[in-house]
Number of protein chains: 2
Amino acid sequence: MTMSNTGGRRRPPTIHDVAREAGVSRGTVSRVLNGGHYVSPAAQEAVNAAIRKTGYVVNRHARSLITGRSDSVGFLLTEPQERFFEDPNFNVLLRGCTQALAAHDIPLLLMIAGTEDERRRITRYITAGHVDGVLLVSSHSGDPVAEQLREAGVPLVACGKPIGLGSKVSYVAADDRDGARDMVRHLLSLGRRRVGTVTGPLDTPGGVERLAGYREVLAEAGVPYDDNLVVSGDYSRASGEAGAERLLDQAPDVDAVFVASDLMAQGVLTALHRAGRRVPEDVAVGGFDDSPAAVAASPELTTIRQPWDRISNEMVRVLLAQIGGEDPAAVILPTELVRRASA
Amino acid sequence: MTMSNTGGRRRPPTIHDVAREAGVSRGTVSRVLNGGHYVSPAAQEAVNAAIRKTGYVVNRHARSLITGRSDSVGFLLTEPQERFFEDPNFNVLLRGCTQALAAHDIPLLLMIAGTEDERRRITRYITAGHVDGVLLVSSHSGDPVAEQLREAGVPLVACGKPIGLGSKVSYVAADDRDGARDMVRHLLSLGRRRVGTVTGPLDTPGGVERLAGYREVLAEAGVPYDDNLVVSGDYSRASGEAGAERLLDQAPDVDAVFVASDLMAQGVLTALHRAGRRVPEDVAVGGFDDSPAAVAASPELTTIRQPWDRISNEMVRVLLAQIGGEDPAAVILPTELVRRASA
DNA sequence: TTCTCTACTGTGAACGCTCACAGAAGCATT
DNA sequence: AATGCTTCTGTGAGCGTTCACAGTAGAGAA
């Protein structure tokens with residue numbers, strides 16, 4: 001605990017100081033620092049003692065200069081704006097990734113590429129090798145940054161299957177389709193037959209997959225597909241509200257709604273309430289995400305939990321593997337139905 | 001736009017390549033890179049052209065190695081856990097800081113020090129000089145990390161006035177007391193006389209100041225102070241709900257509640273609704289933050305807007321000034337009353 | 001002319017680390 | 001004894017910058 005830093009606040013100890021203190025050479029200290037192979041137990045011990053005594057911390061800049069690695073990764077958001085604030089998933093993802101990386105002693109650089117200008121600057125920064133890899137959070141397709149990074153050979157892991165890109169980019173995603181299937185099956189099991197849906201944006205993988213799951217289950221159950229029961233939203237609360245109104249208008253006999261996000265489901269609840277429909281008695285409502293919004297809603301939302309903690313862990317694992325030279329990989333994780341009051 | 005990177009994906013251009021291309025020396029290129037003083041217009045031009053042609057990007061590690069600066073700053077959270085998820089302010093603060101820093105081409109490193117272990121590692125990392133300064137987000141007092149960083153002479157700017165520390169630490173805060181005064185004055189102006197409050201945690205500056213504002217205005221208005229009208233929460237939704245129940249119990253004639261955060265106000269609304277009180281007819285409710293929760297609530301919350309965009313900008317400005325050698329400074333920014341349906 | 005001053009430019013030496021290499025032991029095999 | 005191995009250790013070189021310093025050239029003053 002005691003740093004022998006007596007007096008001068010100047011000049012932190014270097015590997016040289018440690019070497020002198022331990023009575024060995026720089027090389028040996030360096031070897032201890034990097035895994036301790038080919039180091040005698042005695043030297044090992046002496047070096048560790050010297051490190052403790054001097055309070056030595058490796059200078060990452062010097063290391064990076066020679067290794068060419070930066071030992072840091074970027075967390076890149078390419079969303080326009082709103083999603084960042086509205087979407088609670090970002091938080092838990094960001095937190096999860098930060099901590100998973102911290103376990104490897106790798107700092108996370110937060111990068112937000114909203115405007116064209118920011119995009120250019122950040123692409124430059126990344127391709128210049130200032131980070132070893134990138135965790136990409138961008139739901140919409142046709143993301144030019146992702147494409148550029150992929151071409152530049154930057155290790156990359158996306159959150160959710162990127163639509164535009166080829167198959168050579170890693171991603172980690174929850175099993176959206178299966179989650180949707182679970183929810184719709186649940187609604188059917190409650191005896192509902194006029195099951196509507198408010199989809200996510202259909203240029204996002206989540207939006208597409210959840211809708212696909214919805215249709216599959218209805219088809220399997222022999223429930224006829226009705227266009228009037230399908231409206232689309234953009235994951236925002238307001239769009240959920242508008243969607244529900246359209247739904248009530250087009251199909252007044254709707255008795256259940258599968259909503260592709262909890263936030264939209266909040267909006268749906270508002271609209272249903274205003275229309276005098278009781279939830280879940282008249283209309284059962286199922287959300288998606290299991291975000292804080294789900295328990296904040298009244299009644300509390302039955303929803304699909306996405307395993308965000310696992311997702312962030314996997315993203316980091318796959319990224320580090322890729323930085324280590326492994327090939328890209330796709331990881332799909334199962335979801336879970338969480339039953340609450342709304343269905 | 002065209003990077004003449006034909007063929008070899010190897011070895012990015014160095015300052016040397018640029019110098020050769022421009023027909024000048026490393027020194028001149030370096031001077032152009034660092035402000036262009038003592039460089040002839042001709043050389044300036046030639047170097048810029050060479051930079052464009054080669055696609056050169058400065059190697060920050062090499063630069064940092066010699067300058068001793070890292071040209072990056074840390075964004076440090078020392079909250080236990082929950083706040084990070086629950087508090088929408090974090091998001092906008094984080095985003096604001098990232099972008100304000102991006103304007104200076106400075107990356108932001110996200111650091112989360114939840115456990116004792118993480119705290120130690122991060123303190124070490126920071127004091128080793130891997131970041132030039134720290135933006136500190138920690139509401140609770142007695143934060144050991146802040147104290148250690150201050151002692152180590154690390155440039156530091158806190159968000160909100162740190163309770164435990166001396167006056168020698170910079171901070172940027174909204175004028176909590178004045179905001180509370182505005183809100184309570186507003187409630188009184190509606191004719192309410194039994195104005196209760198659900199405070200924030202009283203070991204946070206926000207909690208203390210908002211309560212102080214509440215008491216001041218009541219005193220000024222000659223409304224007698226009643227202990228039964230004051231309950232405390234922890235900024236969480238649940239604590240707001242519990243607080244409102246206690247309030248209704250202790251002072252059934254309450255006709256207005258000033259709640260120290262929107263999230264708690266949501267809980268208050270739930271409890272009032274359950275108790276059969278109408279908002280705002282029976283009980284007017286005022287929140288604090290103007291977070292997304294304010295418009296998500298029904299009825300929409302009258303609240304106090306904190307100028308988060310300005311707060312983040314100021315935090316960055318003060319931090320950079322401090323890194324540049326200036327003395328610590330405190331900045332207090334005005335709040336704004338936002339009238340909606342709940343009061 | 002000669003000197004001084006200013007504006008500009010080039011050059012070696014760091015910065016703190018890792019890497020490749022050379023060597024020194026110790027031990028077993030020829 | 002000579003040779004191979006394996007394990008361990010020290011030493012120079014160099015990563016790409018910036019910085020201090022030593023120059024050079026040109027303008028103006030003595």
Side-chain angles (χ1 to χ4, degrees), chain A residues 10-48 50-51 54-72 105 124-125 127-132, chain B residues 10-48 50-51 54-72 105-106 124-125 127-132 324:
Chain A
R10 287 283 73 81
R11 295 259 308 219
T14 75
I15 203 175
H16 226 117
D17 301 323
V18 175
R20 186 160 6 88
E21 180 71 37
V24 298
S25 71
R26 283 165 16 240
T28 300
V29 176
S30 177
R31 276 184 286 266
V32 171
L33 255 30
N34 295 283
H37 300 301
Y38 290 92
V39 179
S40 67
Q44 181 86 250
E45 180 57 32
V47 168
N48 282 327
I51 289 177
T54 55
Y56 171 79
V57 179
V58 64
N59 182 325
R60 297 172 94 108
H61 300 305
R63 173 182 284 173
S64 293
L65 183 55
I66 189 158
T67 60
R69 283 172 280 114
S70 73
D71 296 319
S72 66
D105 213 40
R124 218 151 203 262
Y125 185 88
T127 51
H130 293 320
V131 294
D132 294 339
Chain B
R10 288 281 73 80
R11 294 260 305 219
T14 75
I15 203 174
H16 227 118
D17 300 324
V18 175
R20 186 160 6 87
E21 180 71 37
V24 298
S25 71
R26 284 166 15 241
T28 300
V29 176
S30 177
R31 277 183 286 266
V32 171
L33 256 30
N34 295 281
H37 300 300
Y38 290 93
V39 179
S40 67
Q44 180 86 250
E45 181 56 31
V47 168
N48 282 327
I51 288 176
T54 55
Y56 170 77
V57 179
V58 65
N59 181 322
R60 298 172 94 108
H61 301 304
R63 172 182 284 174
S64 294
L65 182 55
I66 189 157
T67 61
R69 283 172 281 116
S70 74
D71 295 318
S72 66
D105 214 38
I106 296 178
R124 219 149 202 262
Y125 185 89
T127 51
H130 293 320
V131 293
D132 295 338

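In the text below, chain A, chain B and the rest are named by the order of the sequence lines, each starting its count at 1.
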Sugar-phosphate, base or nothing in reach of B/Arg31, heavy atoms under 4.0 Å: base

Side-chain N or O of B/Thr28 closer than 4.0 Å to phosphate OP1/OP2 of C/dG10: yes

DNA chain C: 5'-proximal contact among B/Pro41 and B/Ile66 (nearest heavy atom): B/Pro41

OP1 or OP2 of D/dT18 under 4.0 Å from side-chain N/O of B/Ser30: yes

B/Asn59 CG - D/dT17 C1' separation (whole Å): 7 Å

Distance below 4.0 Å between B/Asn34 side-chain N/O and D/dT18 OP1 or OP2: yes

Sugar-phosphate, base or nothing in reach of B/Arg60, heavy atoms under 4.0 Å: nothing

Any A/Tyr38 side-chain nitrogen or oxygen under 4.0 Å from OP1 or OP2 of C/dC19: no

Residue A/Ser40, side-chain heavy atoms: nucleotide from C/dG10, D/dC8, C/dG12 that is nearest: D/dC8

Parallel, tilted or perpendicular, as decided by the 30° and 60° cut-offs, for the rings of A/His61 and B/His61: tilted

Short side-chain N/O contact to C/dG16 OP1/OP2 from A/Thr14, under 4.0 Å: no

Options D/dC19, D/dT17, C/dT11, nucleotide nearest the side-chain atoms of B/Ser25: C/dT11

